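See structure below.
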Amino acid sequence: MEGLGHVADALVRFAAPGPVFDVLWATLLGIAVGMLPGLTATLGIALLTTLTFTLPASQAILILICMYVGAIYGGSRSAILLNIPGTPANAASSLDGFPLARAGRAGKAMGIATAGSVAGSLIGMVFLALLAPVLAEFALRFGAFEFFWLAVFGIVISGQLTALDDPVKGWIAGFLGLLVAMVGQEGIHAHQRFTFGIPDLGGGLGLLPVLVGTFGFAEVLTVMKQPAYEAVRGASDSVIPRIREVARYWRTIMRSGVIGTFMGLIPGVGEDMGAWVSYAAARRRSKEKFGSGSLEGLISAETGNSAAVSGAIIPVLTLAVPGSAPAAVLLAAMFVHGIRPGPLIMIESPGFVFEVVVMVLFASIAVLILGILLARPMLKVLAVPREWLMPVIFVLCTIGAFAIAGRIFDIWVMLFFGVLGFILREMNYPMAPLVLGLVLGDILDKSLRRGLVLSEGSLEPFIFRPISAVLATATLVTILFSIPAVRRGLAGLFREKA
Amino acid sequence: MPRADLITSIVLMAVGLGAAIQSWQMPRLQHLGVSIYSAPGVVPFLLGIVIAGLGLILLVRSVRAGGLALLRPARLRELPFAADGAWRFVLTAALTLGYATLLVGRLPFWAATAIFVTAFVFVFEWKAGIGAPKLARRAVAIVAFGLVVGVSVSVLFEDVFLVRLP
């Protein structure tokens, strides 16, 4: 009941002309960012964090969440029309979206994608409102031992799920992120680690310059390296989805919404896996032929990735652990604005969680309105040549790296991580575990050392405290299942029993 | 990929072992009565070992996949991506790094940005054999675009959103 009161308060506050204007422009910008191949939700949020950090916290977070929701939806446009997912989250959408466009049903595909996105966002929003307070209360039981395992499990599961073909590369990215987070003054004795006498390294590497480098500069290099994409295919049919047609897929929508939310909840996994797992689940149960223009395939992927947005925000608010790379930037932005996400959030600022719920609601409504009304004019965004767009993006990356701390050094950090991110990406290393490692480095460092001090060096509480035991077992099982010999052995065992 | 993995694995093992050695040499602060378990080097030491271990797994895998054979001098000249893409990558890297390291901070931001954007678009839009009148028209459009971006980005960030610029 208390939650409903907070929701009502937030609804009244955000239903004013100022916030509504912010919702509209930020969502529209998000859709444009998502549409453009090479511009991701992560970069969009990072750049807007720079632009909004002088604004009041609530206004800035509203703008960032609208950018987030808008960008994940916007990526479906280029997936449908160009067969190039605008963001990694929309890769599954191109499998059925592009064949639909090729068959002259681009309008219908965009309409179905819009309906799926809005439904996914709303399902995710309901889970956000219901789960965040419960999870925050549960997280109050977490001590140093549990936070240590949460960080390790986050890196292992994120590495495993974002690099399904080669989990070793996912783990390498994650552990490199953790190691990079060790640079600078540590949080217990204020000792400077890995600074090599460079004063600027004393404060550590800022999350935003690193993110702008890995998701901005690296993307500029990647996009310019690739051949130019084809001219955009127009849409001649209606973009307004028929209610009956959408309602036909209600089971798929509900299933994908739940799957997307829970994939979002898993640290560092996020929207792309939300889409892929929802798509795979829908394919198993559907009678339609997926991969050749199935509306069900498209709606499942778009519902899954949009639901994962709210799912990824849940651990941000309750554990200060991001569910995805864009959520990691959102977490950093919350810290910039003096908001302290974590287990105490429902005690210190219970209203904020429900404010975020209302922000997602407003962003979803904006996606529905803008996605349908501006479907055709927005296609012009895809006609901007990359040779004219990419230098502007790089200028924004430079400002984004510099502006928060006002240090030229941060521009150097952005450049270094841009080149590193490009090289790692070329070699199929996922970026999400790297980002998660950067965020979790401090938690892992302090938790392990505090835990060892508390237990006087004994590993017992790390293994036998109930929550620790669950997280440790989950980590071990994840690692074991990624070893082909173990998987084969288990499969053989079950075959023999059968 | 086995060749790239082989080189990466060596770099990773060097980074991991280097971090572990540095961490081992960090002060343990026992003279301050600090518990050995909270020494600053504990976590980076373990991370260094894990990274070196993962590098070793990658090394074994890439050697099994024939990565060593690909390190012969003749094979090393092969580019990791198509020549056309390589040129575009080199040009992009040179222009962006030049802007961020040589222009930003030395020129007013709007001027540095206008020069960079103009140069970037011109380099990638330029085509051999284009006639002089068309080239002149194109150049005017590109310079105008560079100036508009330089001035509008500076005004938007500094005057509207009150954000500092380099």
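What you see is a predicted model, and the numbers here were worked out from it, not measured in a lab. Throughout, protein chains are lettered first and strands after them, A, B, ... in sequence-line order, and every chain is numbered starting at 1.
- Neither the backbone nor the side chain of B:Ile36 has a heavy atom closer than 4.5 Å to any heavy atom of chain A.
- With A:Phe145 as the fixed residue, the side chain to side chain contact (heavy atoms under 4.5 Å, CB included) test singles out one of A:Leu150, A:Leu454, A:Leu459, A:Leu452: A:Leu454.
- Proximity to chain B (any heavy atom under 4.5 Å) is shown, for A:Thr50, by both the backbone and the side chain.
- Looking at A:Met427, the atoms closer than 4.5 Å to chain B (heavy atoms on both sides) sit in the backbone and in the side chain alike.
- Of the atoms belonging to B:Leu12, it is side-chain heavy atoms, and not backbone ones, that fall under 4.5 Å from chain A.
- With a threshold of 4.5 angstrom between heavy atoms, B:Ser35 approaches chain A through side-chain atoms but not through N, CA, C or O.
- In this pair, A:Phe148 and A:Phe462 present their aromatic rings perpendicular. The plane angle is above 60°, beyond the 30 to 60° band.
- Using a 4.5 Å cut-off between heavy atoms, A:Phe196 touches chain B through its side chain atoms alone.
- The most heavy-atom pairs under 4.5 Å with chain B, out of A:Ile399, A:Thr54, A:Leu179, come from A:Ile399.
- Listed in order of number, the residues of residues 439-447 of chain A that approach chain B to under 4.5 Å between heavy atoms are A:Leu444, A:Asp445.
- For B:Leu165, the parts lying near chain A are the backbone and the side chain together; criterion is any non-hydrogen pair under 4.5 Å.
- For residues 116-123 of chain B, a heavy-atom distance under 4.5 Å to chain A picks out B:Phe116, B:Val117, B:Phe120, B:Val121, given by residue number.
- For A:Ala405, the part sitting under 4.5 Å from any heavy atom of chain B is the backbone (N, CA, C, O) and nothing else.
- For A:Ile411, the part lying near chain B is the side chain, with the backbone staying farther off; criterion is any non-hydrogen pair under 4.5 Å.
- Interface residue A:Glu186: only side-chain heavy atoms are found under 4.5 Å from chain B.
- Residue with the most contacts toward chain B among A:Phe194, A:Trp388, A:Trp412: A:Trp388 (heavy-atom pairs, distance under 4.5 Å).
- Screening residues 19-31 of chain B for side chain to side chain donor-acceptor pair (under 3.5 Å) gives no qualifying pairs among residues at least two apart or on separate chains.
- Heavy-atom neighbours of chain B within the stretch residues 168-177 of chain A, taken at a separation under 4.5 angstrom, comprise A:Val168, A:Lys169, A:Trp171, A:Ile172, A:Phe175, A:Leu176.
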